[in-house]
Asks: 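Sending over a structure as structure tokens; questions will come in a sec.
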Amino acid sequence: MLPPKSPPNTPDELLTRCQAIAGLTLGELARMANVAIPANLQRHKGWPGMLIEKWLGASAGSKPQQDFPELGIELKTIPIDAAFAPLETTYVCFAPLLMQPGITWETCNVRNKLQQVLWLPIEGDRRIPLSDRRVATGFYWRPSEKEDEILRQDWEELTEQIVTGHVESITSKQGTALHIRPKAANGSVLTEARGVEGEKIKTRPRGFYLRKTFTHHILTSAFGY
DNA sequence: TGATGATCATAA
DNA sequence: TTATGATCATCA
């Protein structure tokens, strides 16, 4: 088996590719794709995600859009424990700190990305050697009305704080499903934002993340526990 | 022990 | 520089 050379043409084809790698280990997938396996993820944090992208035929490169733009589908691998519970929060996208007026929940990047997600759980217990971790069965998810409402409330609260110049007082403790945390190479990276007087200030870049409780709920619903 | 805040690699 | 892929690791 070899990785596909072109993007899938339909959601069904993408799901079929997913099912073809379900149950295999990261080591097997890396070997077949001729990809080097790092000893651990300390210096290769995005490695599982990149490997899976290759196997599903996602277009390479970083774009602020979905992984499969023509299908409108976003791919998210998620590390899980033996009980299928998420081990990490899920990064969604950067939080725009200099927002153009007129951006609403309906038109924001968070909602755009989460419209249709292909979740692919992967064993993430650090006691399991990286190459022995198995890939689970991927599944599609789109937010229910209730889920969309929860996300909207979090997004609006956080966005309001950014727009009114209070980005510095945002804590990752805010938000029931969606929260904001720093997202940068290190603490010295700065970007522009608005202060309370509307002036430009420098602050650390932030990203939107999904809480583990929320993704756990998604996994639970999908597998019918 | 888990969540928060910090960090790592890479591409364009 | 900002985006992608995320996980690490410290501290409450």
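Letters A, B, ... are given to chains in the order of the sequence lines, protein chains preceding strands, and every chain is numbered from 1. The analysis underlying the following values was restricted to heavy atoms, covering all of them including side chains, and did not include hydrogens, waters or symmetry mates.
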Asks: Between C/dC8 and A/E88, counting only base atoms on the nucleotide and side-chain atoms on the residue, is there a donor-acceptor pair under 3.5 Å?
Replies: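 Indeed, a donor on one side and an acceptor on the other fall under 3.5 Å apart.
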Asks: Can a side chain N or O of A/K113 be found less than 4.0 Å away from OP1 or OP2 on C/dT4?
Replies: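 Indeed, a polar side-chain atom of A/K113 lies that close.
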Asks: Are there more than 12 heavy atoms of other residues, nucleotides or ligands under 6.0 Å from atom CZ of A/R111?
Replies: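 Correct, the count exceeds 12.
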Asks: Any chance the side chains of A/E160 and A/W155 put a donor and an acceptor closer than 3.5 Å?
Replies: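 Judged by distance alone, the side chains do not pair up.
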Asks: Which comes earlier along DNA chain C counting from the 5' end, the contact point of A/L190 or that of A/W47, where each point is its nearest nucleotide?
Replies: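 On the 5' side of the pair lies A/L190.
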Asks: At under 4.0 Å, does any side-chain N or O of A/Y91 touch on OP1 or OP2 of C/dG5?
Replies: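 No, A/Y91 has no side-chain N/O under 4.0 Å of OP1/OP2 on C/dG5.
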Asks: Return yes if a side-chain donor-acceptor contact under 3.5 Å exists between A/E157 and A/Q174, otherwise no.
Replies: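 Side-chain D/A pair, A/E157 to A/Q174: present.
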Asks: Looking at C/dG5, does its base get a donor-acceptor pair with the side chain of A/K183 below 3.5 Å?
Replies: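 Yes.
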Asks: Reading DNA chain C from 5' onward, which residue's closest nucleotide shows up sooner: A/R126 or A/V92?
Replies: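 The residue closer to the strand's 5' end, by nearest nucleotide, is A/V92.
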Asks: Does A/R181 contact C/dT7 through a side-chain donor or acceptor facing the base, at a distance under 3.5 Å?
Replies: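 By the distance-only test, yes, there is a pair.
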Asks: Please confirm whether the shortest side-chain N or O distance from A/T77 to OP1 or OP2 of C/dG5 is below 4.0 Å.
Replies: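 No, because none of the side-chain N or O atoms of A/T77 sits under 4.0 Å from OP1 or OP2 of C/dG5.
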Asks: Can you confirm whether or not the ring centre of A/F139 sits under 6.0 Å from the ring centre of A/F223?
Replies: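 When the ring centroids of A/F139 and A/F223 are compared, they turn out to be within the sub-6.0 Å range.
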Asks: Toss me the dot-bracket line for DNA chain C: Watson-Crick and G-U wobble, both under 3.5 Å, 5' to 3', using | for pairs to another strand and [ ] for crossers.
Replies: ||||||||||||
Asks: Take A/M50 and A/Q42, find for each the nucleotide of DNA chain B with the closest heavy atom, and name the residue whose nucleotide sits nearer the 5' end.
Replies: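 Upstream on the strand: A/Q42.
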